[in-house]
Amino acid sequence: MTKSKLINLLASRFSQLVHKDAELSVKTILDAMSDSLMKKQRIEIRGFGSFSLNYRSPRIGRNPKSGEKVNVPEKYVPHFKAGKELRARVDK
């Protein structure tokens, strides 16, 4: 599902919610989640899952085209772990 499909679904499901309000709601939630991850905080949504950051240490990689060695700097990557309820619903 894309962000625009989520906005359209919210606007159609809740008639009192104007499309602009649904768009603002989704944007606000996603911005808050991004800000939390930027602050290296964990996000937990009960029944859905949790978002956290995984640290990847610096390493030496290879350029796939030329084969030469390339230094890959350290970085943090987002990680999602599905909650128990979400896993159960997907397995049905």
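Hydrogens, waters and symmetry mates play no part in the numbers below; they use all other heavy atoms, side chains included. We count residues from 1, following the sequence as given.
- Between the NZ atom of Lys3 and the NZ atom of Lys27 there is a distance of 6.0 Å, given to the nearest 0.5 Å.
- To the nearest 0.5 Å, atoms CG (Asn63) and CD (Glu68) are separated by 5.5 Å.
- Residues Met38 and Leu30 do not share a hydrophobic cluster, defined by chaining ILVMFWY side chains whose heavy atoms lie under 4.5 Å apart.
- Separating the CD1 atom in Ile7 from the CE atom in Met1 is a distance of 11.0 Å, to the nearest 0.5 Å.
- In this structure, Tyr55 is a member of the same hydrophobic cluster as Leu53, with clusters built from ILVMFWY side-chain heavy atoms closer than 4.5 Å.
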inquiry  = Please determine whether side chain to side chain contact (heavy atoms under 4.5 Å, CB included) holds for the pair Glu74 and Arg56, giving the CA-CA distance in whole Å, both sets of side-chain angles, and the decisive distance to 0.1 Å.
reply    = CA-CA 6 Å; Glu74 66 179 6; Arg56 292 202 179 156; over 6 Å; no
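- Both Leu37 and Phe48 sit in one connected hydrophobic cluster of ILVMFWY residues. Membership requires side-chain heavy atoms under 4.5 Å apart, directly or through other members.
- Within the model, atoms CZ of Phe80 and CZ of Phe51 stand 5.0 Å from one another, a figure rounded to the nearest 0.5 Å.
- Atoms CG and CD1, on Leu86 and Ile45 in that order, are 10.5 Å from each other to the nearest 0.5 Å.
- Residues Val26 and Leu9 fall within the same hydrophobic cluster, defined by Ile, Leu, Val, Met, Phe, Trp and Tyr side chains chained together at heavy-atom separations under 4.5 Å.
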message = As a quick check of understanding, evaluate side chain to side chain contact (heavy atoms under 4.5 Å, CB included) for Asn71 and Ile60, giving each step before the final call.
response = CA-CA 5 Å; Asn71 288 327; Ile60 297 175; 3.7 Å; yes
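- Checked by atom type and distance alone, the side chain of Arg42 never pairs as donor or acceptor with a backbone atom of Ser50 at under 3.5 Å.
- Between the OG atom in Ser36 and the CG atom in Asp31 there is a gap of 11.0 Å [rounded to 0.5 Å].
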task = Go through Asn8 and His19 one step at a time and tell me if the side chain to side chain contact (heavy atoms under 4.5 Å, CB included) criterion holds.
result = CA-CA 7 Å; Asn8 290 335; His19 189 271; 3.0 Å; yes
